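Below is one structure, written out as C-alpha cells, with a few remarks after it.
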Protein chains: 2
Amino acid sequence: MSRPERARAPAELQPETSPGHGIAADLIAVLVAVTGGEPRVLTLQDARALPSGPFELAHRSLQSGLRAWVERQTHHPLGYVEQLYTFADRDRGLGSDQRVISISYLGLTREQPAAGDYEASWQSWYLYFPWEDQRLGVPAIIDDVLLPNLTAFAEAAPNRLLRQERLNRIAVTFGLDGKPWNEELVLQRYELLYEAGLIPEARRAKPELGPAPVPSRSMVLDHRRILATGIARLRAKIKYHPVVFELLPDTFTLLQLQRCVEALAGRLVHKQNFRRLVEQQQLVEETGQMSQDTRGRPAKLFRFRREILTERAIVGTKLPISRS
Amino acid sequence: MSRPERARAPAELQPETSPGHGIAADLIAVLVAVTGGEPRVLTLQDARALPSGPFELAHRSLQSGLRAWVERQTHHPLGYVEQLYTFADRDRGLGSDQRVISISYLGLTREQPAAGDYEASWQSWYLYFPWEDQRLGVPAIIDDVLLPNLTAFAEAAPNRLLRQERLNRIAVTFGLDGKPWNEELVLQRYELLYEAGLIPEARRAKPELGPAPVPSRSMVLDHRRILATGIARLRAKIKYHPVVFELLPDTFTLLQLQRCVEALAGRLVHKQNFRRLVEQQQLVEETGQMSQDTRGRPAKLFRFRREILTERAIVGTKLPISRS
DNA sequence: TTTGATATACTCCGCCTGAGCATTAATCGA
DNA sequence: TCGATTAATGCTCAGGCGGAGTATATCAAA
C-alpha cells in the first residue's frame with residue numbers, strides 16, 4: 001500500500017512444470033479466528049503455508065470460489081470475507097512460462113473449525129510476528145535482537161543520506177524517538193526486516209549468509225508477507241468497521257469483546273473508554289443474561305446489533321485503541 | 001467492500017470468441033487527473049469505456065504492466081498507482097468458456113496528457129455520476145429524478161420489512177432524515193440505483209422496460225461500476241494520505257490545493273480550517289514566490305514536502321472535509 | 001477611489017478522547 | 001466470617017481537535 005513496488009521474496013526453487021501458455025489463477029486465504037486470547041490463522045504444511053487452491057472455472061465468482069473451497073475444507077461457515085491483494089510477480093517460482101496470478105483473501109470465522117483434512121492447524125499469528133504482540137509491553141525480542149541488527153543494517157548504508165533514511169524508517173515503524181507505536185505498520189516492519197536481511201526469506205538465495213538472526217517462524221514462498229498484509233488490513237479495519245463480531249460467539253461479555261480486539265491489535269485498551277465507545281455507538285445490546293464465569297463480578301451478556309449495518313452508513317463505526 | 005457479494009451488471013452481448021481453455025487476465029485502469037476544477041477520468045470508445053488491456057507475460061508484475069501500458073499510451077508518467085479490485089464473475093461476457101480475470105487499478109496523473117491515440121478523452125467523472133457533485137449544493141437531479149424514482153422502488157417492495165429496509169438504505173446513502181451526506185458512498189449509491197433499475201446497465205437484459213429514467217452517461221460492461229469503486233477509494237484516501245499532490249503541479253497555491261480536494265470530494269471545505277490543518281501537518285512549504293494570477297490578492301506558492309512520506313508513518317495524515 | 005476577490009489572522013465553543021479515581025459485586029481461601 | 005482478588009461499572013477532568021464565525025490585509029480592475 002505504501003510503496004508502489006513491493007520488495008518481494010525471491011522464489012523457492014520449484015520443480016519445472018511443463019511449459020504451458022495461458023495463465024493460472026490461485027486463491028490464497030488468510031483465515032483468522034480468535035481463541036484462547038490469541039489471534040490464530042489457518043495453516044497447512046506443518047504451519048509453513050497458508051491454505052491455497054486453484055480458481056476453477058466452475059465458480060461463479062472469486063469470492064464464491066473461495067467460500068466454497070474454504071467451507072469444504074473446514075466444514076465451517078465463513079463469516080466475513082474481503083479481498084486483500086492480487087499479484088503476479090514473475091519471481092514467484094513455478095517455472096518461467098507458466099504464470100500464476102494469486103488473489104489473496106482475508107476471511108474471519110467464528111469458531112475453531114475441526115481442522116479437517118491434511119495437516120491443517122491453527123497457529124497464533126504472533127508465532128510468525130513475535131514483535132507484533134505488545135500486550136504485555138514491548139517484547140524482549142525487539143530490544144534484544146531486532147534493534148541491534150536493524151541499527152547495524154542502517155550503519156552499513158553506503159552513504160550518509162541512505163543511512164539517515166534507514167534510521168528514520170526504523171524509528172517510524174518501531175515507534176522510537178518519542179514516535180508512537182503504530183500497530184498497523186505490520187507490513188512495513190516485515191519489509192524492513194526483509195530488506196535488512198534479518199529473516200530467512202531474505203536469505204534463501206544466499207545460503208552463504210548463514211541462519212537468519214531473528215527467531216521467528218517463516219513460511220513458504222511469500223506467504224508470510226501475505227499474512228502480514230492480512231493482519232495489517234484487519235488491524236486497520238476493526239477501528240472503523242464492526243468486523244470483530246464475526247470472530248466472537250453470538251453472546252459475549254464486554255471483556256471478551258475487549259480481549260478480542262486487544263488480541264488482534266496487539267495492544268491493550270483502556271477498559272472504561274472502550275465500554276463508553278461501544279455503548280454510545282450502540283454496537284451491542286444486552287441479552288438480559290449474565291455470564292457464568294467463575295471468578296470476579298459476573299458480567300452482563302451482550303449480542304451484536306446487526307441492524308446497525310443497515311441503520312448507519314456502513315463506514316463510520318469505530319473502536320478505540322489507546323496509544324500508550 | 002460493504003456487502004460480500006456484489007450485484008453485478010449482466011454482461012453485454014459480445015461476439016462469441018473461439019472457445020479456449022485457460023484464463024486470461026486483463027488490466028483495467030481508472031486514471032484520474034484534475035483540470036479546470038473538474039476531476040477527470042481517461043476514457044475510450046466515445047467516452048463509454050475505461051482503458052484496459054491484456055496482462056502480458058512479459059511484464060515483471062501487475063503494477064509494472066499497468067505502468068508500462070499506460071505510459072506508452074498517454075506519454076505521461078503515472079504518479080500514484082493503487083490496486084482497486086480483482087474480479088472474475090462469470091457473467092461478464094466474452095462467451096462462456098473463456099474466463100477473464102480483471103484486475104482494476106486506480107492511477108493518479110499530474111497533467112492532462114496529450115490524449116494520444118485512438119479515441120481517448122478525459123471526461124469529468126460527474127458526467128457519469130451527476131448526483132455526486134455537491135459543491136454547488138444538492139444537485140437538482142436528486143430531488144427531481146432520483147428520490148421520486150427511488151421512493152417508488154421502495155414502495156414497490158413485496159413486503160413491509162423489505163420496504164422499510166429500502167427506505168432506510170435510501171436515507172443513509174443519500175443523506176436524508178438528518179443523516180449526513182457521506183461522499184464516500186459512491187459505490188453504494190450506484191448499486192442502489194442499479195438495483196432499483198434506474199440506470200441503463202440494469203436494463204440491458206430487459207429492453208421491454210424502455211429507457212432508464214436517470215439521465216447520466218453509462219459505460220460499457222461494468223466499467224461504470226469500476227469507476228465508482230475508484231472514486232470511492234480516492235475520496236476515502238485523500239483524508240488520511242497525501243495523494244492529492246500527485247494531481248497538482250509542482251508548485252501551487254493553497255486555494256488550488258483546496259479546489260482540487262473539493263473537486264474530488266464533491267463538496268466544499270471551510271477555507272480557514274483547511275489551511276490550518278494543512279500547515280499544522282507540515283504538508284507543504286513555501287517556495288518564496290507568489291502566484292501570478294490576475295484577480296485578488298496574490299497568493300504564496302507552496303510545494304509538497306515529500307519528506308513527510310518517510311518522516312511520519314505513512315498512514316496518519318489527514319485533510320479535512322466539512323460536513324455541512 | 002471604489003469594488004471585487006482573495007489571502008490571512010484570530011477567536012470561540014462543543015465534542016471526543018485519553019486518563020485516572022472510586023465504588024460495587026461476585027468468588028475464593030484462610 | 002473476613003479479607004484478598006477479580007472484574008464490572010460509574011464518574012470526573014483536562015487537553016486537543018474540528019467546525020464555524022469575525023475581522024483585516026492586499027492586490028487588480030473598473
Side-chain angles (χ1 to χ4, degrees), chain A residues 37 134 175 178 180-183 238-240 251-262 265 267-302 312 316-324, chain B residues 37 134 175 178 180-183 238-240 251-262 265 267-302 312 316-324:
Chain A
Q134 309 243 339
W181 170 266
N182 186 337
E183 73 281 347
I238 54 174
K239 289 184 189 161
Y240 60 93
T251 67
F252 46 84
T253 70
L254 290 185
L255 187 60
Q256 273 181 281
L257 174 60
Q258 181 183 344
R259 294 283 178 247
C260 185
V261 168
E262 289 174 336
R267 54 178 11 191
L268 301 179
V269 308
H270 184 102
K271 186 191 288 196
Q272 293 92 320
N273 294 342
F274 181 81
R275 286 161 188 244
R276 176 174 61 190
L277 201 52
V278 167
E279 296 196 332
Q280 87 183 16
Q281 294 240 68
Q282 300 179 290
L283 289 175
V284 297
E285 64 191 358
E286 299 186 12
T287 65
Q289 298 186 308
M290 304 291 277
S291 161
Q292 300 300 343
D293 258 8
T294 53
R295 57 183 175 282
R297 174 174 169 177
K300 291 179 191 160
L301 282 175
F302 292 84
R312 208 167 310 177
T317 9
K318 42 190 166 176
L319 287 176
I321 287 169
S322 74
R323 294 211 192 106
S324 66
Chain B
Q134 308 243 338
W181 170 266
N182 185 338
E183 72 281 346
I238 54 174
K239 290 183 188 162
Y240 60 92
T251 67
F252 48 84
T253 70
L254 290 185
L255 187 60
Q256 273 181 280
L257 174 60
Q258 181 182 343
R259 294 282 178 249
C260 184
V261 167
E262 289 174 335
R267 53 179 12 191
L268 300 179
V269 308
H270 185 102
K271 185 192 286 195
Q272 294 92 321
N273 294 343
F274 181 81
R275 286 159 189 245
R276 177 174 61 188
L277 201 50
V278 167
E279 298 197 330
Q280 87 182 18
Q281 294 241 71
Q282 300 179 289
L283 289 175
V284 297
E285 63 192 359
E286 298 186 13
T287 65
Q289 298 186 308
M290 304 291 277
S291 162
Q292 300 299 347
D293 259 7
T294 52
R295 57 182 176 283
R297 173 175 170 178
K300 290 179 190 160
L301 282 175
F302 291 83
R312 209 168 308 177
T317 7
K318 42 191 164 175
L319 287 176
I321 286 169
S322 72
R323 295 208 192 108
S324 65

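Computed from a prediction, not measured in an experiment: that's the story for all the values here.
- When the P atom of dG10(D) is taken as reference, atom CG of Leu277(A) falls 16 Å away, rounded to whole Å.
- Counting to the nearest Å, the P atom of dT9(D) and the CG atom of Leu257(A) are 13 Å from each other.
- In this structure, Phe274(A) atom CZ and dT17(C) atom C1' are separated by 15 Å, rounded to whole Å.
- Contact detail for Leu255(B) and Lys271(B): the closest heavy-atom pair is CD1-CE, 4.2 Å.
- Thr287(B) places a side-chain N or O within donor-acceptor distance of the main-chain N or O of Leu301(B), the cut-off being under 3.5 Å.
- Nearest heavy atoms, Glu286(B) versus Lys300(B): OE2-NZ, 3.3 Å.
- Looking at Phe274(B) and Val261(B), their side chains come closer than 4.5 Å, going by heavy atoms from C-beta outward.
- Counting heavy atoms from C-beta outward, Glu279(B) and Leu254(B) have side chains that approach closer than 4.5 Å.
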Polar-atom pairs under 3.5 Å, protein N or O versus N or O of nucleotides 7-11 of chain C: list them with distances, or write none.
{"residue": "dA7(C)", "atom": "OP2", "partner": "Lys271(B)", "partner atom": "NZ", "Å": "3.1"}
{"residue": "dA7(C)", "atom": "OP2", "partner": "Arg275(B)", "partner atom": "NH2", "Å": "3.3"}
{"residue": "dA7(C)", "atom": "N3", "partner": "Arg297(B)", "partner atom": "NH1", "Å": "3.2"}
{"residue": "dT8(C)", "atom": "OP2", "partner": "Arg275(B)", "partner atom": "NH1", "Å": "3.2"}
{"residue": "dA9(C)", "atom": "N6", "partner": "Gln272(B)", "partner atom": "NE2", "Å": "3.2"}

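- Using a 4.5 Å heavy-atom cutoff, the side chains of Glu183(B) and Lys239(B) are in contact.
- Taking atom CG on Leu268(B) and atom P on dT6(C), their separation rounds to 13 Å, with Å as the unit.
- Rounded to a whole Å, the CH2 atom of Trp181(A) is 19 Å from the P atom of dG18(C).
- The distance from atom CD of Gln258(A) to atom P of dT6(D) is 16 Å, rounded to the nearest whole Å.
- If you measure from atom NE2 of His270(A) to atom C1' of dC16(C), you get 14 Å, rounded to the nearest angstrom.
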